[in-house]
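To find a chain, count down the sequence lines: A is the first, B the second, and so on, and within it residues start at 1.
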Amino acid sequence: DAKTTQPPSMDCAEGRAANLPCNHSTISGNEYVYWYRQIHSQGPQYIIHGLKNNETNEMASLIITEDRKSSTLILPHATLRDTAVYYCIVIKGSSNTGKLIFGQGTTLQVKP
Amino acid sequence: KAGVTQTPRYLIKTRGQQVTLSCSPISGHRSVSWYQQTPGQGLQFLFEYFSETQRNKGNFPGRFSGRQFSNSRSEMNVSTLELGDSALYLCASSLLVTGGHEQYFGPGTRLTVT
């Protein structure tokens with residue numbers, strides 16, 4: 001699975017959009033980009049995933065560059081409850097396993 | 001639909017003892033994975049079970065073992081506990097038959113070894 005690089009921390013003002021970048025320059029054609037987050041003392045929570053098209057759900061939007069070497073998770077109107085560690089994970093679509101390899105992620109601090 | 005449940009939520013054990021943790025997946029989910037989270041090592045994959053068979057295993061010593069029952073409930077066991085086993089143990093379940101990437105995590109069991 002491709003390696004990912006994320007900034008260790010970011011701040012965002014409450015009510016503003018939070019844009020969390022992820023670099024995955026070695027991603028291959030059949031690998032998906034997944035995003036999870038972990039709020040303090042809770043289990044990780046699945047947010048969204050995509051292959052090459054932009055994706056949106058009730059929680060967030062995922063923008064993947066045309067060359068697929070990087071992506072951005074967008075929380076359109078961040079709230080204090082969005083303060084968490086956000087993990088970007090790249091996984092082979094054909095992978096027959098539930099194994100997730102978590103990096104250090106990005107700690108997002110939403111400030112009032 | 002009920003989420004993933006883990007019992008117990010908190011546990012204190014002494015070095016040398018063994019411990020069993022339990023995980024009940026979301027109804028209909030057949031894949032259950034276990035993770036260990038410590039401040040120093042972060043989230044690390046322990047193992048995954050699917051249809052009562054271990055499908056994948058992380059890089060942990062043989063003291064860490066698990067099993068899955070026919071109803072998809074899973075248990076993990078740690079024998080001869082060490083201080084370094086103090087961690088948050090997380091269980092996750094998935095619906096997908098091939099590739100359980102969209103996983104749903106439980107609240108975890110906080111294990112303290114003294």
Chain A heavy atoms under 4.5 Å from F47(B): which part of the residue, side chain, backbone, both or neither?
neither

Identify which part of Q6(B) has an atom lying under 4.5 Å from any heavy atom of chain A, answering side chain, backbone, both or neither.
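Nothing of Q6(B), per the 4.5 Å heavy-atom cut-off to chain A.
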
Taking atom [atom1] of [X] as the centre, report whether more than 12 heavy atoms of other residues, nucleotides or ligands fall under 6.0 Å from it.
| X | atom1 | result |
| --- | --- | --- |
| K111(A) | NZ | no |
| N71(B) | CG | yes |
| Q54(B) | CD | yes |
| R63(B) | CZ | yes |
| I12(B) | CD1 | no |

Point-to-point distance, once rounded to the nearest 0.5 Å, from NZ of K99(A) to CD of Q44(B):
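So the NZ of K99(A) and the CD of Q44(B) are separated by 10.5 Å.
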
Kindly compute the distance separating CZ (F45(B)) from CZ (F102(A)), expressed to the nearest 0.5 Å.
11.0 Å

Minimum heavy-atom distance between [X] and [Y], given as atom pair plus value:
| X | Y | answer |
| --- | --- | --- |
| Y87(A) | Q37(B) | OH-NE2, 4.1 Å |
| L100(A) | Y35(B) | N-OH, 2.9 Å |
| E102(B) | Y34(A) | N-CE2, 3.9 Å |

Side-chain heavy atoms nearer than 4.5 Å, only ILVMFWY residues, links allowed to pass through others: does that put L73(A) and V33(A) together?
yes

Using the rule given for side chain to side chain contact (heavy atoms under 4.5 Å, CB included), can you reason through Y36(A) versus L43(B), listing the C-alpha separation, both sets of side-chain angles and the distance that settles it, and then say yes or no?
CA-CA 12 Å; Y36(A) 283 79; L43(B) 271 161; over 6 Å; no

